[in-house]
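All ligand and atom numbering here is 1-based and tracks the order in the structure. Index from 1, following the sequence.
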Amino acid sequence: MKAAVMHQNLDGHVDIKDVKLRPIHHGEALVKVEYCGLCHTDLHLMSGDFGTSPAGRIFGHEGVGRVIKVADDVKNLKIGDRVAIPWFFKGCGHCEYCVTGHETLCRNALNPGLNVNGAMAQECIVPADYSVKVPEGLDPVEATSLTCAGVTTYKALKVGNTKPGDWVEIVGAGGLGNLAVQYAHNVFNAHVIIVDGNPDKIKAAKDAGAEIAINYHDNHHIGKTIQDKVGGVNVSVVTAVAKEPFTEAVNALRPLGTLVAVALPKGNMELNIDRTVLDGIKVAGSLVGTRHDLAKTLQFGAEGEVKPIVHTCRLSDLNNVIDDMKASKITGRMVVDFTKEK
Ligand SMILES: [Zn+2]
Ligand SMILES: [Zn+2]
């Protein structure tokens, strides 16, 4: 079968190769991949930002496909089921985090491209217990994006304890931010403020339900503006890959507000101690979502509450797509269409 594997010297590009997968073991299923999105996390992996990776590792954690084989002991999947293949691929199942509903923090978790083969291939072996089914009503191309950006933003709003009628600030209106606006507005019934510097992305966020838009090129006191307009936000979800917006987002919070950090810029954020203590402010990190979060995320997609921006490409285009992504030339997500591969 054809697969995209990272170069051994981790120079940021991939080879399209013929790869033979091992046979499935107990508890596993074999999935024929239909679609797999290319994520910025993949670019980090193939550039060695997360450390070394064995030669020939297949990446891909925005995969969707159908089960074509199951091990004898598998009860929860059958041939023909459509499943998602996410970043949280498998946990140990028995540590403190796995048994308390925080399985994405498992110290022995498997993540595609990092320590297990992923979905940027015609076939992928998955652990059946960790497989989340994709509802039949959901477009499988859109499902790839919800499998990563969707569950990440849905979970971030949950971590922020977002309630109906709350004011939510979404910082960054890219792929993550746009979906965050949709989940905040359509699923959590919150009022949304979008902050970005790109007029096209701001417009897309307003179309998705943001009531107030702030362009940071025109406004250097975003926190104060938000305090003046709505009395501060209950939740701020930061998806911008720069550290300054994190500090500014603290200024936008109302008392008891929560900043939820999602993006991963290098460096530290400033946190005013007075404000933190006197206003009871909370800062929380949020990393993708559990199997249950993913199932809910996909269900909201199937119900039409959220719609990611996706485009398909061929597996042979992948290195060009990687270059375009690095150059920020792509709006929405590029998804490799494996249904066109022989
Ligand atoms: Zn991703
Ligand atoms: Zn664990």
Q.
Between K201 and D196, does any NZ, NE, NH1 or NH2 come within less than 4.0 Å of an OD or OE carboxylate oxygen?
A.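 Salt bridge between D196 and K201, a charged N being under 4.0 Å from a carboxylate O: no.
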
Q. Within C148, is some N, O or S atom less than 2.8 Å away from the Zn ion (ligand 1)?
A.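 Looking at C148, which is the residue asked about, there is an N, O or S atom under 2.8 Å from the Zn ion (ligand 1).
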
Q) Can you tell me if an N/O/S atom from D42 lies under 2.8 Å from the Zn ion (ligand 1)? A)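 Checking the Zn ion (ligand 1) against D42, no N, O or S atom falls under 2.8 Å.
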
Q: Assess whether salt bridge (Lys or Arg N to Asp or Glu O under 4.0 Å) is satisfied between K296 and D293, documenting all intermediate values.
A: CA-CA 5 Å; K296 302 274 275 190; D293 294 322; over 6 Å; no

Q: Check the angle between the aromatic planes of H13 and H7 and answer parallel, tilted or perpendicular using the 30° and 60° thresholds.
A: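 Geometry flag for H7 against H13: tilted rings.
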
Q: Check the angle between the aromatic planes of Y183 and F300 and answer parallel, tilted or perpendicular using the 30° and 60° thresholds.
A: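 Perpendicular.
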
Q. Which angle, to the nearest 10 degrees, do you find at the Zn ion (ligand 2) between SG in C95 and SG in C92?
A.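 Rounded to 10°, it measures 110°.
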
(Q) Suppose we only count N/O/S atoms under 2.8 Å; would C98 qualify as near the Zn ion (ligand 2)? (A)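 So C98 counts as coordinating the Zn ion (ligand 2), yes.
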
**Q.** Name of whichever N/O/S atom of E62 is nearest to the Zn ion (ligand 1)
**A.**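 When I compare the N, O and S atoms of E62, OE2 is nearest to the Zn ion (ligand 1).
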
Q: For residues L38 and M46, report the shortest heavy-atom separation together with the two atoms involved.
A: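 Result for this residue pair: CD1-CE, 4.4 Å.
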
